[in-house]
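A quick write-up on the structure given underneath.
We count ligands from 1, going down the list as the structure has it; atoms in each ligand are counted the same way. Residues: numbered from 1 along the sequence shown.
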Amino acid sequence: MVPLTLLTGFLGSGKTTLLNALLRDPAFADCGVVVNEIGAVGVDQLLVEASDDTTLVLDGGCFCCSLQDGLAEAVGRLTRARRDAGLPPFRRFLVETSGAANPLPLLQQLIGDPRLNRRVLLDGVVTLVDGILGEASLRDQPEAPLQAAVADLLVLTKSDLADAAGLDRLERSLAGLNPSAARLSAVSGDLPAERLLGLGPDAAGRRAGRWLEPPAGHPHGHDHDHRHGGEDAIVTASVELPGPLDPALLEGWLEELMVVGGAHLLRLKGVLALSDDPGRPVAVHAVQHLVHAPVRLERWPDGLARGRVTAIARGLDRATLERALGWLAAQAGGA
Ligand SMILES: Nc1nc2c(ncn2[C@@H]2O[C@H](COP(=O)(O)OP(=O)(O)OP(=O)(O)O)[C@@H](O)[C@H]2O)c(=O)[nH]1
C-alpha cells in the first residue's frame with residue numbers, strides 16, 4: 001500500500017507553495033502528485049514544480065462533484081505510466097484538492113473505492129489555513145470549516161504577514177473545530193517535511209499516536225458556530241477507553257452510529273483495544289456512512305497509553321454525540 005497525503009485548504013491558503021517545498025525534500029522523493037483545480041486551464045500545472053511523468057492535473061471540475069472518479073483514475077494512470085517507463089514504484093502520493101473543495105467525498109472515495117483502497121492508504125489530511133484570511137473563510141465559506149474539521153494536521157500559513165492577536169484567535173477557532181489535530185505554522189511552505197509523514201495509523205503502530213493527538217488544552221465537545229450556527233454547528237467529542245472492548249460490541253456500535261449519525265459525521269477516529277487481542281489495538285476510521293476496515297496495529301502507538309475515540313460532526317446535537325461516545329467508554333470501563 002502506498003501512503004497518500006491529502007493537502008487541502010481554502011483558495012490561496014498556500015497549498016501549491018507547500019507542495020513545491022515538499023517535492024524538493026528527499027522525504028518526498030518518488031512521489032506521485034495529483035492536483036485538482038477548478039477551471040478550464042490547469043494553471044497549477046504550470047506552478048507545480050515536478051516533471052510530467054509524476055504529476056497529473058485534473059482541471060475539468062472538482063473531485064467532490066463532476067470528477068468523482070478522478071482520483072482513482074489519476075492514481076491508476078500515474079502508476080501505470082511509472083511502470084511502463086521502467087521507473088521504481090511511487091513511494092507516496094500527494095494530492096492537492098482545489099481550494100473550494102468539500103473534502104468529504106474525496107475521503108469517502110479513499111475509504112470506499114476499491115480502486116483506491118487496494119492501492120493507497122490515507123496517510124493524513126493536511127489542511128492549510130491562511131493566517132490572515134483564515135478566520136473570515138471559516139466564518140463565511142461553507143467548505144473551510146469542513147476542511148479544518150477533517151484535518152490530521154493543521155498548517156497555519158502566512159504568519160509572516162499576520163498579526164499575533166489574529167493568529168491567536170485563529171488558533172483558538174481551529175482548536176475548537178478540531179481539537180485532536182496537531183497544529184504547525186509555516187512561512188512559504190517552510191516546515192520539516194518529515195512532520196507530514198506518518199499521519200495515518202501505520203500497521204507497525206508507531207505513529208498512530210500522531211494520527212490521534214490528544215485534544216490539546218481545549219474543552220471536549222466544544223461547539224463551533226462558524227457560519228453554520230445552530231443546527232449546523234460543528235461539534236466534537238472525545239473519550240478515553242481504559243479497557244478492551246468486545247469486537248462484536250464495537251461492530252454493533254459503529255453500525256448504530258452510522259444509522260443514527262452517519263450523514264452528520266465528518267470524521268471518527270479511534271485507537272482502541274479489543275478483548276480478543278488487547279496488546280495489539282485497532283485503529284478505526286469513519287467518514288460519514290463509510291467505516292474503514294479496522295487496522296490492527298502491532299503494538300500501542302507511542303504517546304498513547306490507552307484507547308481513545310474522537311468524533312467530529314456537523315448538524316448533530318452535541319449531547320447525542322457525547323452520549324454515543326460515553327456509552328462506548330462505559331463498555332470499556334471508562335467514565
Ligand atoms: N507571505 C507569504 N505568502 C505566502 C505564504 N504561503 C503562500 N504564500 C503566497 O500566497 C499566494 C497563494 O499561494 P498558493 O500556494 O498558490 O495557494 P493555493 O492554496 O495553492 O491557492 P489555490 O490553488 O488558488 O487554492 C502565493 O502568492 C504565495 O506565494 C506564506 O507563508 N507567506
Hey, is ligand 1 close enough to G14 that some N/O pair sits below 3.5 Å?
yes

Roughly how far, to the nearest 0.5 Å, is CG of N36 from CD of E96?
9.0 Å

Enumerated ligand 1 atoms positioned under 4.0 Å from heavy atoms of A186
31 (O)

Salt bridge R172-D168, side-chain N to carboxylate O under 4.0 Å
yes

Taking only non-hydrogen atoms of L161 and a 4.0 Å limit, the atoms of ligand 1 in range are 1 (N)

Donor on one side chain, acceptor on other, R308 and S238, under 3.5 Å:
no

Show the atoms of ligand 1 that are less than 4.0 angstrom away from any heavy atom in L11.
25 (O)

So, taking the atom named CG in L268 and the one named NE2 in H285, what distance separates them when rounded to the nearest 0.5 Å?
8.0 Å

With a 4.0 Å cut-off on heavy atoms, is G9 in contact with ligand 1?
no

Could you state the interatomic distance from CG (L274) to CG (D246), rounded to the nearest 0.5 Å?
8.5 Å

Heavy atom to atom 12 (C) of ligand 1, shortest distance: which of G99, A162, G12, S13 holds it?
G12

Side chain, backbone, both or neither: which part of T17 comes within less than 4.0 Å of ligand 1 when only heavy atoms are counted?
both

If I take atom CG from residue L7 and atom NZ from residue K15, how far apart are they, to the nearest 0.5 angstrom?
9.0 Å

Salt bridge check, R267 against D152: does any charged N sit closer than 4.0 Å to a carboxylate O?
yes

Can you tell which part of D160 has a heavy atom less than 4.0 Å from ligand 1: side chain, backbone, both or neither?
side chain

Purely on distance, is any nitrogen or oxygen of K158 under 3.5 Å from one on ligand 1?
yes

Is the shortest N/O to N/O distance between S159 and ligand 1 below 3.5 Å?
no

Which of the numbered atoms in ligand 1 are below 4.0 angstrom from a heavy atom of E96?
20 (O), 23 (O)

To the nearest 0.5 Å, tell me how far L122 CG sits from L110 CG.
5.5 Å

